[in-house]
Each structure stands twice: as structure tokens, then as C-alpha cells.
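Remember, predicted model here, so these are calculated numbers, not experimental data. Chain identifiers are assigned alphabetically (A, B, ...) following the order of the sequence lines, protein sequences preceding nucleic acid strands; residue numbering begins at 1 within each chain.
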2 protein chains.
Amino acid sequence: MKPTIYDVAEKAGVSIATVSKVINNTGKISDKTKQKVLKIMEEINYQPSVVASALTGKQTNTIGFLIPDIANPFHAEMARSVEDRGHELGFSVVMCNTDGNLDKEAQYLEWLQRKRVDGIILGSAAQNNAIIKELIKQEIPAALIATDMPSLSVNAVLVDDFLGGYQAISHLTSLGHTDIAFLAGNLNNVMEKERLRGYKQALQEAGAAFDRKNLLTNNFSFDDAKRSMKKLIESGRRPTAVFAFNDLLAIGAIHGAKEAGLKIPDDLSVIGFDNTLLAAVNDPPLTTIAQPIQDMGRTVTDLLVKEIKGGNTVKQRVVLLPELVVRQTTIPPKI
Amino acid sequence: MKPTIYDVAEKAGVSIATVSKVINNTGKISDKTKQKVLKIMEEINYQPSVVASALTGKQTNTIGFLIPDIANPFHAEMARSVEDRGHELGFSVVMCNTDGNLDKEAQYLEWLQRKRVDGIILGSAAQNNAIIKELIKQEIPAALIATDMPSLSVNAVLVDDFLGGYQAISHLTSLGHTDIAFLAGNLNNVMEKERLRGYKQALQEAGAAFDRKNLLTNNFSFDDAKRSMKKLIESGRRPTAVFAFNDLLAIGAIHGAKEAGLKIPDDLSVIGFDNTLLAAVNDPPLTTIAQPIQDMGRTVTDLLVKEIKGGNTVKQRVVLLPELVVRQTTIPPKI
DNA sequence: GTGAAAGCGCTAACAG
DNA sequence: CTGTTAGCGCTTTCAC
């Protein structure tokens with residue numbers, strides 16, 4: 001059997017209360033008994049049960065992390081930084097893949113509560129904020145990452161998507177492009193809408209007109225992006241540049257364009273978003289808008305833990321700024 | 001306050017024991033009281049505490065998952081499938097990034113035990129099996145994934161690395177290559193050694209000689225792979241094909257080769273390992289040896305859960321077979 | 001400084 | 001069928 005606090009107490013010739021105090025460094029105990037207890041704990045390799053202490057009202061030092069899909073490099077890198085930071089702060093993180101599915105989300109949330117996690121990071125709650133409201137009502141610390149919920153009082157960290165879109169297009173227009181396609185997803189979320197706004201703004205500032213036909217939607221998959229790019233080009237439309245919603249789609253677009261006979265970047269400049277591993281590894285290396293993924297993960301974790309520890313701290317919304325990373329897929333258009 | 005079993009009991013006019021029975025579907029209770037209790041639970045939104053029930057000896061329905069690095073696509077895909085399967089079986093999974101660091105590993109292991117996870121999947125325990133022995137001694141269900149521990153009695157799922165190496169090289173020799181570099185990592189683990197064995201075997205069967213100079217090591221990073229490939233070529237050595245330890249390294253090699261002025265696959269055939277997203281997305285799409293990542297994750301999870309539930313079941317070692325996926329980076333050598 | 005004792009929310013005999 | 005009761009391992013007053 002695993003040793004309990006009673007075992008320690010007995011062998012050390014003290015009461016369990018005393019042992020508890022040395023474990024938690026609370027109350028007053030003489031240095032002598034403290035050492036004695038410590039020694040015994042060491043000897044019998046005693047590990048205090050988190051379960052038992054959680055039952056008495058203490059925290060579980062666990063946070064739940066809801067993400068759409070850990071296999072997606074963007075989310076994986078995020079998860080990595082959340083886990084790292086969480087661990088530094090003494091928390092373990094349980095991951096939950098929601099696939100953006102509301103039922104799964106709700107199910108996980110309930111499950112996490114039953115496990116008494118101390119707080120929850122929502123990496124995907126785009127569609128339904130009822131869920132978050134519930135969380136707030138139950139007074140469970142929560143924090144959003146890369147999800148905007150303007151009407152809610154929750155800690156959140158996001159990236160300035162408008163600026164990201166603006167930066168991407170400004171880079172392109174400064175190179176001389178004016179006919180720029182936007183390879184979006186379903187355009188149903190704030191992120192995309194903001195980037196689109198940035199796109200339009202930059203276009204306008206460059207004196208170029210916005211052409212509705214340059215707006216491509218797809219289901220966020222590599223293959224779909226590839227297909228729709230190919231189709232676009234084969235249909236005769238021929239923008240000189242593409243701005244994709246993320247690196248994966250950008251690379252899909254590149255593949256599609258190549259299949260349609262174009263050369264990258266000679267015939268088509270391409271810019272992505274996220275700056276994941278994919279962008280660096282692509283050939284030619286992909287110009288992209290970098291999200292500060294590390295910082296985002298770190299920051300939400302800090303925010304959440306602060307709320308867990310501090311009780312009623314002021315909620316904040318941290319907006320991180322994206323950054324243009326110029327690599328080799330964007331050049332001036334060939335006339 | 002969150003409702004407890006007492007609240008339910010009181011409002012339903014029964015004892016807590018009765019409530020407990022309907023929660024767990026144990027014992028015998030009349031359908032009538034059962035419905036009544038169920039109704040109340042619904043009404044006050046009662047969620048049984050996992051913590052409390054764990055304290056009475058029941059399981060926590062949590063499994064720990066130790067991985068070197070979730071940001072690595074191979075591990076991320078694995079994590080995804082472990083999480084999916086775990087969730088299907090009613091378990092949540094807490095992830096732990098070890099970076100292959102023994103201290104971190106030990107620390108996490110202790111932490112997980114204190115949390116009373118029901119079992120642990122080791123995705124990285126390559127170097128020190130003392131840790132696993134300890135786990136076994138403590139009678140904590142454990143399972144290994146993609147890690148060989150020949151001398152231990154643990155559940156494990158692995159892929160036949162010898163076969164993988166053999167398949168890769170056979171494919172290459174059948175195309176006519178005989179001068180094939182092996183871009184490995186540090187060659188310190190069984191996986192690499194097995195693949196090397198496969199490499200040698202296939203080479204020999206093709207009547208080609210093994211040349212020590214074709215053995216390249218690196219620190220498992222993209223940049224390092226790129227650098228060492230470039231250096232090799234510039235040094236005048238010029239194999240007609242490369243077999244890389246994983247897709248990332250393969251792509252690194254491609255970049256290095258290109259920088260050295262070679263064309264892929266015209267001047268150099270390249271084959272990777274894993275068949276991650278990277279391979280599919282690379283341009284040209286990378287020929288690779290596919291590991292059945294999904295199945296591996298699913299299988300370990302099943303194995304572990306069976307052990308958790310079943311008690312003393314017979315341990316097994318499941319060896320999955322890799323598969324050659326021919327894409328566009330391997331062609332016959334130009335003479 | 002230290003210990004006795006009352007829970008935390010739930011499960012599992014054991015009675016009835 | 002249903003209820004009583006004794007813990008699970010730990011924290012936390014409150015006495016001494």
C-alpha cells in the first residue's frame with residue numbers, strides 16, 4: 001500500500017496534524033520535529049495525495065485545455081507552451097480535443113468540472129458563448145485564447161487580426177500587387193472577418209479596388225485549399241498574389257497553383273498566417289504573418305493561474321501583435 | 001455551492017446511499033425512486049465529484065501521457081489518437097512534455113501518481129528503464145509506445161523498425177540506387193539501430209556494399225539535417241539517395257541538397273519516415289515509410305485501459321508494420 | 001509547538 | 001429495496 005500521512009505520523013512519533021503542517025509549511029513547528037518528519041517522508045517515499053487534499057477544499061493544480069485539434073501544428077505549438085508554462089507554475093494540463101464540436105465541448109466541460117480542475121483554457125468556443133457564460137456563473141476560472149468574445153468578462157489573449165491582415169496586404173501592395181486573392185475559411189468567425197477588414201483597408205490605402213471574386217472560401221483543409229486555388233486559376237482569373245488564412249492553406253494554394261502550371265513565387269506570390277513549422281519547412285520558405293504562439297500560450301496560462309490563485313482580480317484582454325516574416329514566396333509581380 | 005450527494009438525497013427524500021446506487025447503477029432500487037432521484041439530479045444539475053469517489057478507492061478515469069514534445073507532428077498525431085480513444089473509453093488524458101529529459105520524466109511520474117492517475121503511457125523512456133521498473137513495482141498500469149524495452153514485462157506497441165528500414169532501402173535499390181546515405185539522429189536508441197540493420201540488410205541483398213561514410217548523424221533538428229546534407233554534398237561525396245530518420249529530417253536534407261545545387265528528385269532521391277503531415281505537404285510530396293500513428297495511439301490506449309480495468313491480464317507487445325508510401329521524391333538514379 | 005477531532009463528498013458493507 | 005455507518009487521506013480550527 002502507498003504510505004499515507006498516518007504512516008508518516010506514526011513513524012515520526014507525531015500527529016498527522018503536525019505532518020500536514022510540515023507538508024504545507026503552515027503553522028509553527030520546531031525545526032527539530034520538522035526535520036524528523038521530513039526525514040521519514042523521504043525514507044518511506046511518501047507522496048501526499050492530491051485527491052485527498054483536493055477533497056478538503058484545496059486545489060487540484062490541474063487545468064483543462066480545450067482545443068479544436070492538437071494534431072494541427074498551430075494548436076500543438078500552443079499546447080506545448082501552455083503545458084510548459086503550466087508545469088512551471090505547478091499545474092498539469094489535461095487536453096481535450098473538441099473538433100470545434102459544441103456537444104463535445106459541453107461534455108468535456110462537465111467532465112473537467114467533475115474532476116475539479118482549477119481552471120479552464122478555451123482554445124475553441126467560437127460559436128457558442130452560452131457555454132462560457134455557464135462557466136462564469138459557476139465561478140470557474142476561465143481564459144480564452146485566440147477567440148474573441150467581446151461581450152463577455154473573461155480573461156483572454158488574442159492577436160490583432162485586423163493588423164495581421166493589414167500587414168500581409170500592405171507587404172503585398174508595397175511589392176506592387178493589387179490583384180490579391182484572400183483564401184479564407186468559412187468567414188464565419190471574428191478572426192477571419194477582422195483579417196478581411198485589414199485586407200480591405202490595406203487595399204484601399206494602396207488605391208486598389210476590392211474585388212469580391214478574390215474572396216475564396218473553403219473548409220480549412222489542405223486539399224480543399226489546393227483545389228480551390230487550382231480551380232480559380234484554371235477558370236482564367238489570375239491574381240498576382242494570395243493571402244491565405246493559415247500556413248497550411250497557403251501551402252495548399254501553392255500546390256494548387258503549381259498544378260495549374262504556375263511558378264511560385266514568379267507567377268504568384270503567396271503569404272500565409274501563423275508562422276508554424278510548416279512555413280519554415282516549405283520550399284520555397286513561406287512568407288507569413290507570425291502569431292506569437294509561445295507568448296500567447298504563456299500569457300493565457302499566466303492569466304488563468306492568476307485568476308485561480310488571486311480570486312477576484314481584474315479581468316484583462318491581452319492583444320498581442322502579429323509580425324510580418326518575409327521569406328521567399330513573395331516578390332514583386334512580373335508584368 | 002456545488003450540489004453534493006446530500007442535496008440530492010434530501011430533495012429526493014431518500015438516503016445518500018440510495019443516491020449513490022442510482023449514480024453507479026449498483027444494488028437494487030425501485031424504478032420509481034430511481035426516476036425520482038434522476039429527476040432531482042437533473043433539476044439541481046448535480047455532478048458527482050470524481051475527487052471524492054477517487055478517495056474511496058475508485059478510479060480517477062485519468063491517464064497520464066508522457067511525450068517528448070507535443071509540438072512535433074509525429075507526437076501530436078499520436079497524442080490526438082490517444083486522446084480520442086481515451087475519451088471514447090471514458091478517460092481524460094493529461095499530457096506531459098518531457099523533452100526526453102530524465103529529470104522531467106521522473107518529476108512528472110511522481111506528480112501523476114500523486115494525482116492518482118489510473119495509468120500511464122510512456123512515449124519517451126528510451127534511456128532509463130529504472131523509471132519503468134519503479135512504475136511496475138508500484139503496480140501502476142503502464143504502456144509503452146514506440147519505445148522498446150525488451151527486458152521488461154510491460155504492455156507496448158511498436159512498429160517494426162527493422163522492416164521499415166528494409167522497406168525504405170529496398171524501394172531505393174529496386175529503383176537502382178546503391179549509394180544511399182542514412183541520415184540518422186544520434187544512433188543511440190533501438191529504433192535507429194533497427195532501421196540501420198534494415199538498411200544494411202537491404203543493401204546487402206541488393207549486392208551493394210555498406211559505406212560507413214554514408215552514415216550521417218545529427219541532433220534531430222531540421223536545421224542540422226539541412227546543414228549536414230549540404231556539407232556532405234559540398235564535400236564531394238554524392239550519394240544518389242538519402243534515407244532520413246523522419247520526415248522532418250528528410251525535408252531538411254532536401255533543403256540542404258537544394259542549397260548545394262541539387263535538384264530533387266532528379267539528382268537525389270529522398271525517403272523519409274513517419275508519414276506525417278509534413279510529408280504530404282512537402283513539394284514535391286515526400287516518399288516515406290508510414291507509421292500507423294493512429295493505430296499505435298489507439299492500440300496503446302486500449303492496452304492500458306484493459307490493464308487498468310482487468311487487473312492481471314497478460315501483458316503483450318504489439319508490433320505494427322510500417323508501410324511504404326511512394327510519392328514523388330524517389331526516382332531511378334540518373335546515370 | 002503540538003494534537004484531537006470534525007469534516008470534505010462519496011462508496012461499500014451491513015442491517016433492516 | 002432502502003438506510004446507517006464507517007472510512008478514504010488530508011486540512012483546519014481549537015484546545016492544551
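- At a cut-off of 3.5 Å, with distance as the only test, no side-chain donor of A/Asn155 or A/Lys306 sits close to an acceptor on the other residue.
- Comparing B/Thr56 and B/Lys28 against DNA chain D, the residue whose closest nucleotide sits nearer the 5' end is B/Lys28.
- Contacts of B/Val14 with the nucleic acid, taken as non-hydrogen atoms under 4.0 Å apart, involve only primed sugar atoms and P, OP1 or OP2.
- At a threshold of 4.0 angstrom between heavy atoms, the contacts of B/Thr33 are confined to the sugar-phosphate backbone, with no base atom among them.
- No side-chain donor from either of A/Thr56 and A/Ser53 sits under 3.5 Å from a side-chain acceptor of the other.
- Applying the 4.0 Å criterion to OP1 and OP2 of D/dT4, one finds that B/Ser15 has every side-chain N and O outside that range.
- One cannot find a donor-acceptor pair under 3.5 Å joining the base of C/dC8 and the side-chain atoms of B/Tyr6.
- Across all strands shown, A/Lys21 has heavy atoms under 4.0 Å from base atoms, whether or not it also approaches the sugar-phosphate.
- Mapped onto DNA chain C by nearest heavy atom, B/Val51 and B/Ala17 fall at different nucleotides, with B/Val51 at the one closer to the 5' end.
- Counting only heavy atoms from C-beta on, B/Lys58 has its side chain closest to C/dA12 among D/dC8, C/dC10, C/dA12.
- For the pair A/Thr18 and C/dG3, the criterion of a side-chain N or O lying under 4.0 Å from OP1 or OP2 is met.
- Panel note: side chain A/Asn101, backbone A/Thr98; no donor-acceptor pair is recorded below 3.5 Å.
- Put simply, CD on B/Gln47 is 19 Å from P on C/dC8, counting in whole angstrom units.
- Counting to the nearest Å, the C1' atom of D/dG9 and the OH atom of A/Tyr46 are 7 Å from each other.
- In this structure, the CD atom of A/Gln59 is 15 Å from the C1' atom of C/dC8, given to the nearest Å.
- Atom-to-atom, CD of A/Glu10 to P of C/dT2 comes out at 18 Å; the value is rounded to the nearest Å.
- To the nearest angstrom, P of C/dA13 lies 13 Å from CG of B/Asn24.
- When heavy atoms are screened at a 4.0 angstrom cut-off, A/Ser20 is found touching base atoms of the nucleic acid.
- Atom CD1 in B/Ile23 sits roughly 13 Å away from atom P in C/dG9 (whole-Å rounding).
- Rounded to an integer number of Å, the gap from CZ of B/Arg114 to P of D/dG9 is 15 Å.
- Between A/Ser30 and C/dT2 there is a side-chain polar atom (N or O) within less than 4.0 angstrom of OP1 or OP2.
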*Between A/Asp84 and A/Arg80, does a salt bridge (Lys or Arg N to Asp or Glu O under 4.0 Å) hold up when you go through it step by step?*
CA-CA 6 Å; A/Asp84 280 351; A/Arg80 168 78 213 217; 3.0 Å; yes
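- Using a 3.5 Å distance cut-off with no hydrogens or angles, the side chains of A/Lys115 and A/Thr62 do not pair a donor with an acceptor.
- Checking C/dG9, D/dC10, C/dT11 against the side-chain heavy atoms of A/Pro48 singles out D/dC10 as nearest.
- Taking atom CD1 of residue A/Ile16 and atom P of nucleotide D/dT12, one finds them 13 Å apart after rounding to whole Å.
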